[in-house]
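One structure follows; several queries about it will come next.
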Amino acid sequence: MKKAPFKFDDFEQNYVYKGFDEKQFIEISNKYRGFVGSHVSKDNNNAVIKLDKSNVFKTSYGYAVKIDNEHTVFIKNWQIWGETPESYTINFNRQYFKVKKWGDYSDMSEGGWRSFDDVIKTAKKQEKYYEKSYKRQKEFKF
């Protein structure tokens, strides 16, 4: 299967994939894209994280991400890069990352991300995990 290069339009360059390089993306199929390289942008203002679908839900204004048992971060539709049957791939942006006390999630524990720096740490951990797990594949799908 031939992997095609990925091309950004203006909106993608300035919002959706801001801080990341087109070379980090490949078209795997009509349904999936691949992402390689750093999960944190060079300016540390964007971080890509893959989250289980049980931690993300749709609202009338976009999406919400459960942070812990009573906190949520609301995200824009365009921050979701894609989804698989099990997960969402989300580009968190420092400017839009606001933890709100909202919700009562009995399936979550206390603690969790309190700042964007916590998101950066998680993205770096995931980057190392995918680097090791997908050595042959070299990318994760979304």
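Numbers here are sequence positions counted from 1.
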Which heavy atom of F20 sits nearest a heavy atom of V40, and at what distance?
-> CE2-C, 3.8 Å
Aromatic rings F116 and F97: how do their planes relate, parallel, tilted or perpendicular, breaks at 30° and 60°?
-> perpendicular
Where K98 and Q95 come nearest, the two heavy atoms and their spacing = NZ-O, 3.1 Å
Quick one: pull up CD1 in I80 and OG1 in T89 and give me the separation to the nearest 0.5 Å.
-> 9.5 Å
Non-hydrogen atoms of I120 and N44 that approach each other most closely | CD1-O, 3.7 Å
Mark yes or no: K76 above the aromatic ring of Y63, with NZ or CZ under 6.0 Å from the six-membered ring centre and no more than 45 degrees from the axis.
-> no
So do the side chains of Q126 and K50 get within less than 4.5 Å of each other, counting heavy atoms only?
-> yes
More than 12 heavy atoms of other groups within 6.0 Å of K42 NZ | no
Is there a donor-acceptor pair under 3.5 Å between the side chain of D118 and the backbone N or O of R114?
-> yes
Taking atom NZ of K101 as the centre, report whether more than 12 heavy atoms of other residues, nucleotides or ligands fall under 6.0 Å from it.
-> no
Is the shortest heavy-atom distance from the side chain of I90 to the side chain of V56 under 4.5 Å?
-> yes
Between Y88 and D52, is a side-chain contact (heavy atoms from CB on, under 4.5 Å) present by the stated rule, with each step listed?
-> CA-CA 6 Å; Y88 284 103; D52 189 273; over 6 Å; no
Is it the case that D43 and S41 place a side-chain donor and acceptor less than 3.5 Å from each other?
-> yes
Centroid-centroid under 6.0 Å between W81 and Y17 rings = yes
Is there a donor-acceptor pair closer than 3.5 Å between any side-chain N or O of D68 and the backbone N or O of W113?
-> no
Could you tell me whether the side chain of S87 and the main chain of E83 form a donor-acceptor pair under 3.5 Å?
-> no
Given R94, which of N46, V119, D117 fulfils the side chain to side chain contact (heavy atoms under 4.5 Å, CB included) condition?
-> D117
In this structure, are over 12 heavy atoms from other groups packed under 6.0 Å from K53 atom NZ?
-> yes
Locate the shortest heavy-atom distance separating H39 from E127; write the atom from each residue and the value.
-> N-OE1, 3.0 Å
Closest contact, heavy atoms only, N93 versus Q79 | N-NE2, 3.6 Å
